[in-house]
Amino acid sequence: MSEQQPNPYASEPGPGQDEYKWGPGQASYGYPQPYPQPPVHQPTIGGGGLPIPQQPAPGYAPGPGAVPGQGLSLGDISISGDQIITPSGTMPLRGAMWNATDFSRTEEKMPTHAVVLAIVFFLFCLLGLLFLLMKEKRTTGYIQVTVHSGGRHHSTMIPATDPNTYMWVMNQINYARSLSV
């Protein structure tokens, strides 16, 4: 065998040049970026330690259950001060994008006791047919609420209890959007 020859393309590290180091380097394009650190404290007014109230957009009235200056909660997503708190961590409130998708449905059907009463009272008088006008509405499903902020994403499901649940959730989301500006 022949002797091992030195690599002619290798250059000696000169002044100001460091040797190549194995392992992960600094975060750069294509590498995961670290999450921004949440603020250590909540901004307060004066020395009294009162939190700064968040002001909604002019002309906006929050829906029921949303008190201006207080925290807001939608499923397991809550807003406190200038942060969005989720089970997977905190996100900044400023610049957050909120979305809601309605996966609920409302069915209307005639209950079985209405059919029984219509048959029984039809035999005695013709007014028994009015029982066939009885209807029962039932809402099933859920509303999906998603929030994107600070490079993170979180989604939650809110059960739909009546046909107005989606409007209530949209009022809460519009209030959260006004706080995110």
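Being a predicted model, the structure only gives us computed values, none of them experimental.
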Quiz prompt | Evaluation steps, side-chain contact (heavy atoms from CB on, under 4.5 Å), between L93 and I79 | solution = CA-CA 8 Å; L93 179 60; I79 296 175; 3.9 Å; yes

From [atom1] ([X]) to [atom2] ([Y]), nearest 0.5 Å:
X    : Y    : atom1 : atom2 : value
I158 : D102 : CD1   : CG    : 11.0 Å
S149 : Q83  : OG    : CD    : 10.5 Å
Y166 : F103 : OH    : CZ    : 10.0 Å

Which heavy-atom pair separates [X] from [Y] by the least distance, and what is that distance?
X    : Y    : result
S155 : Q144 : OG-NE2, 3.0 Å
S88  : H154 : OG-ND1, 3.7 Å
L72  : A176 : CD2-CB, 3.8 Å
S80  : I85  : CB-CD1, 3.8 Å
I173 : A100 : CD1-CB, 3.3 Å

Heavy-atom count around [X] [atom1] within 6.0 Å, excluding the residue itself: above 12?
X    : atom1 : value
M134 : CE    : yes
M97  : CE    : no
K137 : NZ    : no

Practice problem: Quick one: do D82 and R94 satisfy side-chain contact (heavy atoms from CB on, under 4.5 Å)? Show the steps, please. | Solution: CA-CA 7 Å; D82 59 351; R94 181 172 294 255; over 6 Å; no

Any side-chain donor-acceptor pair under 3.5 Å between [X] and [Y]?
X    : Y    : result
T106 : T139 : yes
W98  : T146 : no
D76  : T156 : yes

So [Y] and [X], do their side chains get closer than 4.5 Å, heavy atoms only?
X    : Y    : value
I84  : I77  : yes
L130 : L133 : yes
H153 : V147 : no

Is there a path of hydrophobic side-chain contacts, each under 4.5 Å between heavy atoms of I/L/V/M/F/W/Y residues, joining [Y] to [X]?
X    : Y    : value
M157 : V169 : no
M170 : W168 : yes
L129 : V115 : yes

Quiz item: Does E136 come within less than 4.0 Å of R138, counting only side-chain N to carboxylate O?
Solution: no

Quiz item: Quick check: does any side chain N or O of N174 sit under 3.5 Å from a backbone N or O of R177, one acting as donor and the other as acceptor?
Solution: no

